[in-house]
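The next block holds one structure in the form of structure tokens; read it before the comments.
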Amino acid sequence: MTGDGHEDHPLVGRLVRDIASGTEGRLMAVVREDLPTHTGTPRTTWRAYIRPAAGGVELATALANVEPLGAT
């Protein structure tokens, strides 16, 4: 973990695609989130932030939805 909830990940800085939306861009960050549940035991998730190639607002998606695009 790097700080402020940001995680080290081999795809950070690379071109990726969000398979849920089809958005392509650069993976800017991966953040670990501990979400509350009805049992009181937090559920850990990882959220990925993708900056679209055309610019604009970064897209937040589940890390499991991210796939790499060719060589960068």
Side-chain angles (χ1 to χ4, degrees):
M1 193 158 141
T2 61
D4 292 331
H6 288 225
E7 298 274 326
D8 289 325
H9 192 278
L11 293 179
V12 169
R14 292 191 51 200
L15 293 176
V16 297
R17 176 185 297 116
D18 171 32
I19 60 174
S21 70
T23 299
E24 294 181 358
R26 193 160 305 277
L27 182 63
M28 302 307 294
V30 174
V31 177
R32 176 186 168 161
E33 297 180 335
D34 294 320
L35 304 175
T37 65
H38 69 284
T39 64
T41 303
R43 179 174 60 98
T44 301
T45 64
W46 285 267
R47 187 173 304 246
Y49 290 88
I50 300 171
R51 181 176 296 156
V57 177
E58 289 180 6
L59 167 78
T61 190
L63 181 58
N65 288 341
V66 174
E67 65 181 12
L69 293 178
T72 57

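We number each residue from 1, following the sequence as shown.
Rounded to the nearest 0.5 Å, atoms OG1 (Thr45) and CG (Asp34) are 7.5 Å apart.
Residue pairs that meet the salt bridge (Lys or Arg N to Asp or Glu O under 4.0 Å) test with at least one member in residues 37-47, sequence neighbours left out, are Glu33-Arg47.
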Report the C-alpha separation of Leu15 and Glu24 in whole Å, then their side-chain angles, then the decisive distance to 0.1 Å, and conclude whether the side-chain contact (heavy atoms from CB on, under 4.5 Å) test is met.
CA-CA 7 Å; Leu15 293 176; Glu24 294 181 358; over 6 Å; no
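Linking ILVMFWY side-chain heavy atoms closer than 4.5 Å, directly or via other members, places Val12 and Met28 in two distinct hydrophobic clusters. Residue Val16 is grouped with residue Trp46 when hydrophobic side chains (ILVMFWY) are merged at heavy-atom distances under 4.5 angstrom, including chains of intermediate members.
A pairwise comparison of heavy atoms in Leu27 and Tyr49 identifies CD1-O, 3.5 Å as the closest pair.
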Under 3.5 Å donor-acceptor pairs involving side-chain atoms of residues 53-69, not counting sequence neighbours:
from  : atom 1 : to    : atom 2 : distance (Å)
Glu58 : OE2    : Arg51 : NH2    : 3.1
Thr61 : OG1    : Asp18 : OD1    : 3.0
Thr61 : OG1    : Asn65 : ND2    : 3.2
Glu67 : OE2    : Arg17 : NH1    : 2.7

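Not a single side chain to side chain donor-acceptor pair (under 3.5 Å) links Thr41 to another residue, sequence neighbours left out.
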